[in-house]
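First up is the structure itself, then whatever we jot down about it.
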Amino acid sequence: MEERLDRRFFARPALEVAPDLLGRRLVHESPEGTVAGIVVETEAYCGVRDAASHAFGGRRTARNEVLWGPPGHAYVYPIYGMYLCFNVVASEPGSPEGVFIRAVEPREGIELMARRRGLSDVRKLANGPSKLCIAFGITRELNGADVTKGPLYFTAGEDAGEVAVSRRIGVDYAGADAERPWRFLVRGSRFVSRPP
DNA sequence: TGTCCGATTGGT
DNA sequence: CCAATCGGACAG
């Protein structure tokens, strides 16, 4: 059983944690079964100074509260009335940074993922932020969960190889910050949400 | 309480 | 390109 990533791993700027999460193994052990996969796409959200961040300008609400807390906790929130997004809190308490998990390459529990998604094409099971929440059985109940202790966690995984960088997706409203190269991908992976 | 809109997805 | 679908943020 591989050791999970600890608190110190996440207690760094999101811009360091985001690329470092590539190649890591994301695991979720649920009553339905265990699923796991390799993280192939992430984005950094850099707190109060980042116009694309939920905490931009110091915003602190019921929704983004866990972002303001200690690193290594899951920030799960609903979007578009029908989907969820999953982040891991980075940095330190009072510094609301997060790493958005955008795509995972399925490795274990593929049948369960396929059942949850209603698809069999492995490439399409978790190649998007909300798709992976469905495939991994990540629910709103996991908002605030400690990924250094609970059923949802990361392990060292494998070497990510070359990392590609691009602007973040779906944040055009953020003006100049939408242009920043804060999206990270495993170069050449066929399991990303879209090419760099 | 009312309005506006989204860190998406899947189909046209 | 566009609709689905509704919780959350914020104005009034």
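Since the model is a prediction, treat every value here as computed from it, not as a measurement. Per chain, numbering begins at 1; letters A, B, ... match sequence-line order.
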**OP:** Check each of A/E3, A/E105, A/E108 against A/R25 using the salt bridge (Lys or Arg N to Asp or Glu O under 4.0 Å) test, and report the only one that passes.
**Re:** A/E108
Rounded off to whole Å, could you give me the [atom1]-to-[atom2] distance for the [X] and [N] pair?
X      : N     : atom1 : atom2 : answer
A/L132 : B/dT8 : CG    : P     : 12 Å
A/R183 : B/dT8 : CZ    : P     : 11 Å
A/F86  : B/dA7 : CZ    : C1'   : 14 Å
A/Y83  : C/dA4 : OH    : P     : 12 Å
A/L125 : B/dT8 : CG    : C1'   : 17 Å
A/F100 : B/dA7 : CZ    : P     : 8 Å
A/D177 : B/dA7 : CG    : C1'   : 13 Å
A/F56  : B/dA7 : CZ    : P     : 14 Å

Considering just the side-chain nitrogens and oxygens of [X], establish if one lies under 4.0 Å of OP1 or OP2 belonging to [N].
X      : N      : answer
A/K124 : B/dG10 : no
A/R102 : B/dT8  : yes
A/R117 : B/dG10 : yes

Original post:
Under 6.0 Å from the CZ atom of A/R60, do we count more than 12 heavy atoms belonging to anything else shown?
Top reply: yes
**OP:** Return the stacking result for B/dA7 and A/Y45: yes when the ring centres lie under 5.5 Å apart and the planes under 30°, no otherwise.
**Re:** yes
Subject >> Reference residue A/P71; test side chain to side chain contact (heavy atoms under 4.5 Å, CB included); the match among A/R7, A/R12, A/R8 >> reply: A/R7
Original post:
For A/F154, which of A/L21, A/D6, A/V27 qualifies under side chain to side chain contact (heavy atoms under 4.5 Å, CB included)?
Top reply: A/L21
**OP:** Would you mind reporting whether A/L15 and A/F184 have side-chain heavy atoms less than 4.5 Å apart?
**Re:** yes
Original post:
Once Watson-Crick and G-U wobble pairs under 3.5 Å are found, how is DNA chain C written in dot-bracket notation, 5' to 3', with | for any base paired to another strand?
Top reply: ||||.||||||.
Subject >> Qualifying ring-ring contact (aromatic ring centres under 6.0 Å, His included) pairs with a residue from residues 36-63 of chain A, counting only residues at least two apart or across chains >> reply: A/H54-A/Y75, A/H54-A/Y77
Subject >> A/R4 and A/T155 side chains, donor-acceptor separation under 3.5 Å >> reply: no
**OP:** Using a 4.0 Å heavy-atom cut-off, write out nucleotides 5-12 of chain C from 5' to 3' as B (base contacted by protein), S (sugar-phosphate only) or - (no contact).
**Re:** BBSSSS--
Subject >> Heavy-atom pair with the smallest gap, counting every atom of A/F136 and A/L26 >> reply: CE2-O, 3.5 Å
**OP:** I would like to know whether A/H28 and A/L142 meet side-chain contact (heavy atoms from CB on, under 4.5 Å); could you show each step before the answer?
**Re:** CA-CA 11 Å; A/H28 186 207; A/L142 284 167; 3.9 Å; yes
